[in-house]
Every structure is written in C-alpha cells, then in structure tokens.
Student: 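Just passing along the structure, written as structure tokens.
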Number of protein chains: 4
Amino acid sequence: MSAESASVGVFGATGYTGREALRLLRRHPHARLGFTTGSGASHLAHEAGLEQRADVFLLALPHGISATYAAKLRATQPEALIIDLSGDLRLPTPAAYEQWYGHAHPAPELLAQNVPYGLAELCRASLRGARLIANPGCYATSVLLPLVPLLRAGLVEAQDVLVDAKSGASGAGRTLRDDLLFCELHDDFWAYAPGRSHRHVGEMEAYVRASTGHDVTLTFCPHLLPVERGILSALYLRTSHTPEELATALREAYAGAPFVRVVTRPARLSDVQHTNDCLLSVHAAAPGRVVVFSALDNLVKGAAGQAIQNMNLALGWDETAGLLA
Amino acid sequence: MSAESASVGVFGATGYTGREALRLLRRHPHARLGFTTGSGASHLAHEAGLEQRADVFLLALPHGISATYAAKLRATQPEALIIDLSGDLRLPTPAAYEQWYGHAHPAPELLAQNVPYGLAELCRASLRGARLIANPGCYATSVLLPLVPLLRAGLVEAQDVLVDAKSGASGAGRTLRDDLLFCELHDDFWAYAPGRSHRHVGEMEAYVRASTGHDVTLTFCPHLLPVERGILSALYLRTSHTPEELATALREAYAGAPFVRVVTRPARLSDVQHTNDCLLSVHAAAPGRVVVFSALDNLVKGAAGQAIQNMNLALGWDETAGLLA
Amino acid sequence: MSAESASVGVFGATGYTGREALRLLRRHPHARLGFTTGSGASHLAHEAGLEQRADVFLLALPHGISATYAAKLRATQPEALIIDLSGDLRLPTPAAYEQWYGHAHPAPELLAQNVPYGLAELCRASLRGARLIANPGCYATSVLLPLVPLLRAGLVEAQDVLVDAKSGASGAGRTLRDDLLFCELHDDFWAYAPGRSHRHVGEMEAYVRASTGHDVTLTFCPHLLPVERGILSALYLRTSHTPEELATALREAYAGAPFVRVVTRPARLSDVQHTNDCLLSVHAAAPGRVVVFSALDNLVKGAAGQAIQNMNLALGWDETAGLLA
Amino acid sequence: MSAESASVGVFGATGYTGREALRLLRRHPHARLGFTTGSGASHLAHEAGLEQRADVFLLALPHGISATYAAKLRATQPEALIIDLSGDLRLPTPAAYEQWYGHAHPAPELLAQNVPYGLAELCRASLRGARLIANPGCYATSVLLPLVPLLRAGLVEAQDVLVDAKSGASGAGRTLRDDLLFCELHDDFWAYAPGRSHRHVGEMEAYVRASTGHDVTLTFCPHLLPVERGILSALYLRTSHTPEELATALREAYAGAPFVRVVTRPARLSDVQHTNDCLLSVHAAAPGRVVVFSALDNLVKGAAGQAIQNMNLALGWDETAGLLA
C-alpha cells in the first residue's frame, strides 16, 4: 500500500519530541496533521485523542502510559499505523521490561505481537506494511547503528564494548526538574547513570542479541552536555582490524541508507543538528582498540525524525519524504 | 627557607593561564606581582622580562620557547624559583620530547637536571626547596591524580586503561583559531586527537612509569566542551575490587591533601570551576570495570593554581596560601 | 521574465553569510549552485570567479571589495542579476559612503545607476526585473521593517527614535578577532559602537529619508549576545497612539508579506532563528512611548535569505521559493 | 558599636541568592554562619529558623513572606540586625506596596519605622547602626547608582529617562518554571514586563523621588540573557552636557566608594561577574542624549554582596570585609 496522503495524530505534542514531530510533519509532502494532544504525563490531557480518527498515530508519551494508548488504539482503529516513541515496546518480553523500567508492563499483550524495532537502516524489510512500531531510543540509535554492522561482519569483538556518550539537554525532555534549569546546566557538564543503569542499555543489549546473536555486556556511561540537541557517542571497540577496514565495512553496510554517512574527521554535533542524519567516523585509539564516533540529533534521528522515517517505510512512501534539510 | 614575601614575574600574562595567575597572585598573602610580559608567541614581547629581577618566575609561554627562557633565567638568577607551565620540562629525555613535540628540545641541558614534575599531591617532598619545576599539563593532572594511587596500591590493572576526557575551551589557549570562535564552538561538541596523538599522553605515560613502574599504554581521547573552563575525565579501569574499595584507597592517598577530595555522586565541572580542587568519584561501570570521574579547573588546578601551589611548597609557605576560594 | 531555472555563483562562500546562502540554495526549487569562491578578504581567492558565467551572482564579500566585483561582472555579463550583500551599494551617494565607511567608494559609477535597496516588503515593485540589488544590512532590516510603515502612516514621531539592538555573534562574521573567541563571548554581554558610529545608522537614516521624507537622527546602540544567530531590536518610539493601533497598522502594511508577522507577546530570537521571518510586537512602554520588538535571523532575513528573496522577485519566481522552513 | 564577630542566620539558603550569601559569608573575616533554613516558598521550612538566635538575619525569602519573618524576629530579638533581601520593605508606604505587588503588605507596621533602603553608596550614613535594612533590588541598584548622582547634580533631565536592561537567568531565582529550563533560554533572548510592569520600577521611582525630589516616570524594559549572572543596563538620558562631564561627576560622586568605578570603554558583564563591583561608563548616544552602561552581578552587588556590605556598615566593620575578590 502506498496512500497518496495520510492524517497523523500526535499524542504528547507539547514535549520536545512532540514539537519536533509537528515541525517535521508541517513540511511532509504526504502527511497532514490531524490532531494533537497536550501536555505532559497527565492521562486526562490525552484521553480526548482516543476519540479521534487518523491514519497514523505518533505516541510521544511517557513510558508506562504510552503502551496503554497503543493498546486502545489497536483495538478501535486496527488499520491505523501506531508508532510508539516511548520505551514501552522496545524490549522483547514483559520480564525484560520490568527489569529495566521497574514496574510491570502496561500492555504485555502488545509485546507478544512481535513489534518491530524501528531502526530502519538495520531492518527496513520488517517495517514495510507494519501497523505497530517501537521507535528506538536516542542513545540506542547512536550506538546500534555503528555497532551492529561491525559485530555482524565479525570485525570487532563482542567483549568489552565500552561507550562514553554525551547528550544535549533536550534528551531529558521538557521536564520541570531542578537539574534542567538554565543556571544548573549552563557552563557545566556531568555524567549520570554510569553503572549500566540507563534504560537504553536494556534495549541496546536486547537488539544486539536479536540482530547479531552476541550476548554483549555494555559499559555505557551517558553525560549531559550544555547544548540543546545532539548526541555524540564514543564507542571504544576491540579489534584486530584497521580503522579504514571498519570504515569501509560501515560504508558498505549503509550504501543504500540515505541518512547514515561515514566521514573521515571526527563526527561532531553540528554535522547533524536539525537533520535526520547519523554520522559515523572510525579512528585508531590504541593498539587493538578503535574509537567510533556516532553523532545524531536526539530529537530528529533519535526520536521524531526516525518516527517519520518509519512511517514513510510502513506506508510505502519514499524513506526520505519530509526529512531532507 | 620560608621567605616572608617574594616578588613574582609572569611571562605570558595575557593568555588565559597568565591572566589566571595574575588573578591568583593578587590575593596571595606572601607573593607580590613584580612584572609581566605581554602577548602571545612572539619572542620580542618577552625579551624585556629577562632584564627583570624577581624571586619567582612563572613561565606561561608556548612550548619550544619556554625552556629557552628558563635556561636564560637559570643562568642569570640561579637563586630564583622558575616554574615552567609549558610542556617543555615535563618529559624525562630530549628523545621523548622530540617524539611528542615533533622538534628538538630547546634546552636539553635542563632535562638533565632532573626537574621535578610538580604534581604536588604525589611528590610533595621533591618540591620543597626546588628551584626549577615542570608544571603538569591539565589533562595529565586530571588523569594522574586518580590513576597513580590506584596503580601503586595494585587495585586496578595497568592494562587497557581507557580515558575519555572533556575540556572547556580555555584549555586550547587564547589562540586566534577558526575552530575556537564562538560561532564554531557554541552548541557544538567534538573529539580531537583521538589516536594517542595528544601530547599529554607522553607525559602521563612517562609519569606513570616513573611513579609506579608500570608501562601503561593509554587510550586517551580528548573532547572540546562548549564551556569556558573545566576538565572532566572519565577513566575506565579494569579491577576486581569494588568502587567503594577504590574510593577508600583514594581517600587514604589524599588524606593530607587540601585540594583533592573523593565524593560519592559523579564529580562535575561546577564542583571545581574557579577553584584549585580536584574532585574524584568512583562508580561501577560493568562487571570488572569501574569508571572514575576526575574534575578540575584547567586554568587553576590544571595550570596557574597548581603553579602557585608548587611555589608555596618550594618556598616553604602554606600549601594553600592564596588558593582557598 | 520568469526563467525555469538559473545558475547562481556565490562569491565568499566560506563566511557565515556565504555558507547560509549555500544551505538555502541547496533546497531552492529553481536555482542551482554554479560555482563558489573561497575564503575571506583576499582578492586572489575570488578572481577566478570573475571568469565564471552564471545567471545570478551573490556577492558575500567584504565592503570595499564587493563593489569592484559587481562593476566587473556588470561589464562582462550585463544580463546577469547581481546581489551585493556588502554595504557598498546601500548608500545613495559616494559622499555618504565615504562618511560612513571612511574611504572613497570603490565603484561610484554603480551608485549613479540608482541601485534598488532590497527591502522587499517595502519596495517590491522596484525589484521585479532588477539586475543589480543592494541587499540591506541585518540591523537595518530589523529597524526599517517596523519603523518605515509607522512613519509613513504618521503614527509615530520622527523625533527621538531610539533603538537598543542586540545581535548574535555570527553578525560579526567569521573573523579571527580576539573578542569573537568562545572564551571571550560566552557568558558575557556588552555594547559596541554606541555613539551613532555603526555603519548601519547611515543606511537606516538614508532609507528612512528616501522612503518617508523624514530626516531622522537615530539613537542606535548595538550589543553582542552570546548566541550564534538572531537580532532583537527594541525601538522606543514617541506616539500618541495605542500599541494596538500601531500593531494594526503594521499588520495592514504587511498583509501581503509572507515573511513579516505581528505577534502579541514580545517577539524573541527563537521565533525566527533559521527562518526568513521577521516578527514584530508592539507594547506600551511609558506614557507617550511604545516599544516595538523586531526579531529576525541575521544570517537569513538579515542577509542570505533576504538575498534569495530578492533573487526570487527579480527573476519573477514566487517570493517564498526555497525560503519556507 | 563594632563587634569583633557576629553570627549570621540565613533564611532561604537554597535559592541562588541564599547560596551566594553562604559563599560570601564563608570567607568573611568577622561573620560566622549560625544557621540556615531550607528551600523555597514554604513557610514550614523556615519556621524553625525563628527559634534560633543570631546577631544578624539575612532574609532571602519570597516577598509577601519575608516581612512577616522580619516582624517576628524584630519582636523576639530586637537587638539583632535584619536585612530583608525581598521587595517587602523597599517601598515607602503600604499603598505603594499594594500597587506594585498586587496584595496587602504583610507587615505594614514595619514600613512605619522608616526602614533605610540599603544602597550604601548613596546613603551610607543611614546604615550605620541600623537594625532593619531593605536590601535594594538588582535592577534598581544598577539603575539608581548612575542615575541618582546625575539627577542630584542637575546634569541630566528627569524627563524621558529610558532604561533598556538585560539580566542573566539567575535573576529569576531558582524557580521551576518552564521558561527557565535550559532548552528554553539557551541560545534565546527576549524582553519581559515591557510596560512599566516590573516591580523594580516602583522602588526605583520611589527612591529617585526620595533622594532627588524628582518625579520621574521611567521607561524600563528588562530582558532575559542566556548567561547565568550579571545585569547590564543601558540608560538613555537627555542632557546638554558631554559624556566626559557626566563621567567626571560620577567619579566624584563615588570617589570614596570601593565598589563603584567609572570606566571608559563600555562596561560589560565579565567586568563584574562574581564581584561586588558596579561598573559605569558614559558615551555619546545622539545629539542631546547620552547612554550610560551600568554592569553588576545580580547575585552579588545586586543581592547577597550588597547585603553583606550593608551588614558591614551597620555593624561598624570595614565596608569591604569579605567582599574583595
């Protein structure tokens, strides 16, 4: 199927991800905005959206809430495409979800439906015609895009994969938290969740296992940058190959991918801000170690842009529709 | 010796390090500013300083130039204390210098004099009464303060030491370089010198060897932060010990050190900006790996403050004189 | 004439304005990039461009140089459209130019040709079919768009017009100047050129005179903001009318203008960054005084975007071609 | 009286102003911190403080609450010095308070006691031995310090005084407000409260009237800067005198004032951040108009530093005790 046009309803349109989705939809050639629901974590603000009809629903809602909306929409509008931008549908089992999110899964029956993980470059086929898609996390996207092809090709070891990641403040959402105030973040820098406690560790390891068969145990340490948007991850990988060989393998893996590019100088935030691109670069780090830099915009390729990309593929449109700068 | 007061001449007082030295000297109880020399890399601006007399000379000059001034001052004012803030006197041999700086050492006879490396917390005794001190690099200070005691205590492995470091822009000096313009750095973030090419790798490995006997091969990857000042290094270390054991060892190692503290939540830039402190924190990273965060102000503890601290020790003053906020 | 497509040559494509022009041209439906010339103020880098043929030339060159290129291109390619983004062609006479720029005009014969001042919203007719256009200054655009219609309508006094303006750092260009380094601008704020010494005062007063007959003597004080892009001007105007009356008059004046909008809450930088919009808002300031806020992106509506808009009008294309977000 | 030392209790020590007060008190030679009370606007958090005894109380509490604490402390510890950093005691009458704050004054009996307005440079004598002081607002300090001496000397007109002011984000307090989040403020800039609606207009006009006899009607328009701290006010004043004459008058007015200096180039934020200084500069703006720039740190000279300065004067200590960088 390839509809000429589709109406899109956006749940949670006042957060940073939701706002970015609106911005992208405005210039989309085939999608038109149907309705939006308002602010924050309150159920009430979103209930009205369940009464609306649309061809596509983007759920930019907090985890724990999002899947309940997905379940209701599946029941009442089974033909619609639902893309969940929360973490609710990214893990393979309710048990895994409970381990990483600390509470029971809100709609375990959805997980049983084998929801595709919408990392389009790595699983494009599974998205064509899909009606329910789990949109990957921003950090997970930045790590998996370089890591999975290198593991699949057997070019790097699955042992001792170490990721030092840095994200702009919009990654924390539009949340009234003391540590997100201008005066706290500005001119400062710190790490949070150092000990494998960030929830994206769960979805990264699950997807690596599913897509490469490797049981990796990530060292993953995220930091908060005093910039608005962008993630730069440094992946330190063990390998007996040269950076050039790895770069070549990545270029081949993404030969047909419009949004992933391998560059020679270190990838940086300004390369990707306000775009759906993910830029990768590979460099010698030490004997037997390379460092791969992976840069993307957490609100675009890491969230709303990737959701549009997934919508494009699911509905049979051009993968880049509405996403070129 | 413990002079009541001393006059201090500052070479290179218009750079960021030199300006910080002036700021610190203004509130020093025993030191008084003698003279300063002006701007940049030009020899001419500094020649006049060689005609001046002082009890202490701080050389905040570019490497390759600095040691020639140190040599001249040693010859004409042998009683004076000279603290070289450049990299010229930090490496043990002319050959090592040439390897890391790409040119012959400007005053190899000085290296033969066994210049102490002024990391006061690790070699306080060698600084008392010294008349020539190599002031450590900013990154080197942030890495060696946590690493050396842990290696000495045999608590972490010397293999596969991996450091992902981030520095504010003043670390690059007051240099008219395109990539240091506000519009380039602001809201951006990137890595530079990933492949063990940063010169501080040389002094870090040399000092680890000298102080612990271990031949480490660092993975060291520095990044430029859109903040004015501060370094946060993340050291990923292999160990069979718990983070608490390592934190305890660091606390013991720095029990008498007024400027190094071990904290429980991740150390961050705002903890140390505008101070001579270095804050350390230890956290689980992955099975068999800890991450140690090390935060300092690159212009204070990483440069001018550490130089004052070294001056205090060399002249028999209180180590903290002029350095408490 | 309305060509299907046109080739565009960009002189000075490595400055901030030139780079922005390239970004906008990439997504233009009718224009295609012909050639670019390189960096900075050096004549040599641009000479090669004079050998190239194109339908449109954008001159993003330093003043004093730009008009000489315009003159040469006029001579060799009289059919081409030339848009000069420098200040060289904005003043009515060589004498006025010399007064504000401090040196003789580089191509006075061009001024005699009555070059239209490309403030499209105020003189759209004069741009249709034009072959030489002076692109207005960024501050001038932000001041003239609100001021001229209010003066024309007799709603504000021409006496004691006072403008306190603030610009992001890209307005100063990609210049290696000490005061544009990250460490100087970051977290700082200051005024420059307070005493009517900014060159845009000349073009603002000249255009007000030409378009309204009023001989205004502006109080104009520009400041440098620690942001990358955007100008916010506060115009303090004497009036006996209400803010609502003035807002209504501005809305009417710009009823057909796709890029100028009057809003009710104070216009701010984030309303306009990365767009060709100019947002205006009018507020009571004190008895007999209103304040008008005028916000635009100095690199888009204040430079490259306005140049594209002028190109669109001159070549008979849709005014918004390539300029909608 | 000049006590050797005094204990200081700080109400509201977790806000930005309270934290700055703690920082300054730590290095004060005569004051020692007695107790602090906690966070925010909740009465409960502060009640415990009323049970404590101290020689000095700094009230860094929200307006409407602060004066009730002042009244209680006056009743129970009449010998203590109370400095109210809120707006509660700055206006001369309950009616004026109600006009600007929109609710009845919480302790009108205090206003009847003729509380001195602690702008030390302008009313030093009234502070010596005082036991209750209203600490001026940050904007008010930045405006009154240049304006009052010029009005007193008859060098500028009291008509048409126009102030365009810009403040760093800490001026808004440590408040969980959407518009104070990093992602909202960063890289943005806007005006708020343009139409004489900012409460400091009230105290500025009241103090001008009381200290000069002039009934001024200010045009005052504050903006929020994407910096942490600092206020830069631009005062546009009508005068028939030269900028040099005005600068000379200001220098004379502040000849004995340790914290106010007149400089020649435009005063800027970095001149004053983290200090108790107020820097002034005077420049030609247009015929018959000068612009005066006034820069101070809103948390120091604009709040906590000025409170310490007032404490020093009230207790007979050196005015600069604990306040020199």
Side-chain angles (χ1 to χ4, degrees), chain C residues 159-168 179 183-197 201 216-221 223-234 236 238 243 265-271 273 281-293 295, chain D residues 159-168 179 183-197 201 216-221 223-234 236 238 243 265-271 273 281-293 295:
Chain C
Q159 296 310 304
D160 208 23
V161 171
L162 197 153
V163 182
D164 188 289
K166 302 89 178 172
S167 172
D179 60 333
C183 289
E184 305 300 314
L185 253 172
H186 175 68
D187 225 25
D188 206 349
F189 180 67
W190 68 85
Y192 63 99
R196 291 175 47 75
S197 58
V201 173
V216 302
T217 301
L218 286 179
T219 300
F220 178 76
C221 182
H223 300 68
L224 213 46
L225 281 171
V227 307
E228 192 204 334
R229 48 166 84 203
I231 285 178
L232 185 72
S233 293
Y236 296 92
R238 304 180 81 89
R265 59 159 185 66
R268 59 194 277 180
L269 293 193
S270 58
D271 290 334
Q273 284 161 331
S281 67
V282 191
H283 311 266
R289 277 267 186 202
V290 295
V291 57
V292 183
F293 297 111
Chain D
Q159 297 309 304
D160 207 24
V161 172
L162 196 152
V163 182
D164 189 290
K166 302 89 178 172
S167 172
D179 60 332
C183 289
E184 305 300 314
L185 254 171
H186 175 69
D187 224 24
D188 205 350
F189 179 67
W190 67 85
Y192 63 101
R196 292 175 46 74
S197 57
V201 173
V216 302
T217 301
L218 286 179
T219 300
F220 178 74
C221 182
H223 300 68
L224 212 47
L225 280 172
V227 308
E228 190 203 335
R229 47 168 83 204
I231 285 179
L232 185 71
S233 293
Y236 295 92
R238 303 180 81 88
R265 59 157 186 67
R268 58 194 277 179
L269 292 193
S270 57
D271 290 333
Q273 283 160 332
S281 66
V282 191
H283 311 266
R289 278 266 185 202
V290 295
V291 58
V292 184
F293 297 112

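Every chain is numbered from 1 and lettered A, B, ... according to where its sequence line falls, protein lines coming before strand lines.
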Student: Give the member of D:Arg265, D:Arg229, D:His283, D:Arg289 that has the highest number of heavy-atom pairs under 4.5 Å with chain C.
Tutor: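 Of the candidates given, the most pairs with chain C belong to D:Arg289.
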Student: Relative to chain C, which of D:Pro266, D:Ala284, D:Gly195, D:Ala285 shows the most heavy atom pairs under 4.5 Å?
Tutor: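 Option with the greatest count: D:Ala285.
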Student: Check D:Asp188 against C:Ser270 and note the closest heavy-atom contact, atom names and distance.
Tutor: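 Closest approach of D:Asp188 to C:Ser270, heavy atoms only: OD2-OG, 2.5 Å.
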Student: Applying side-chain hydrogen bond (donor to acceptor under 3.5 Å, both in side chains), can you list everything that pairs with D:Asp187, at least two apart in sequence or on another chain?
Tutor: B:His186
Student: List for me each residue that meets side-chain hydrogen bond (donor to acceptor under 3.5 Å, both in side chains) alongside D:Arg238, sequence neighbours excluded, and say none if there are none.
Tutor: C:Asp160, D:Asp160
Student: I'd like to know which of D:Cys221, D:Ser197, D:Gly168 tops the heavy-atom pair count under 4.5 Å against chain C.
Tutor: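 Of D:Cys221, D:Ser197, D:Gly168, D:Cys221 has the most heavy-atom pairs under 4.5 Å with chain C.
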Student: Inspect the contact between C:Asp164 and D:Lys166 and indicate whether a charged nitrogen and a carboxylate oxygen are less than 4.0 angstrom apart.
Tutor: yes
Student: What are the two closest heavy atoms between C:Val227 and D:Pro226, and how far apart are they?
Tutor: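 Answer, listing the atom of C:Val227 first, then D:Pro226: CG1-CG, 3.7 Å.
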Student: Ring-plane angle category for D:Phe189 and C:Phe189, please: parallel below 30°, perpendicular beyond 60°, tilted otherwise.
Tutor: tilted
Student: Taking every non-hydrogen pair under 4.5 Å, which of C:Leu269, C:Leu218, C:Val291, C:Thr217 racks up the most with chain D?
Tutor: C:Leu269
Student: Checking D:Arg196 against chain C: side chain, backbone, both or neither under 4.5 Å from a heavy atom?
Tutor: both
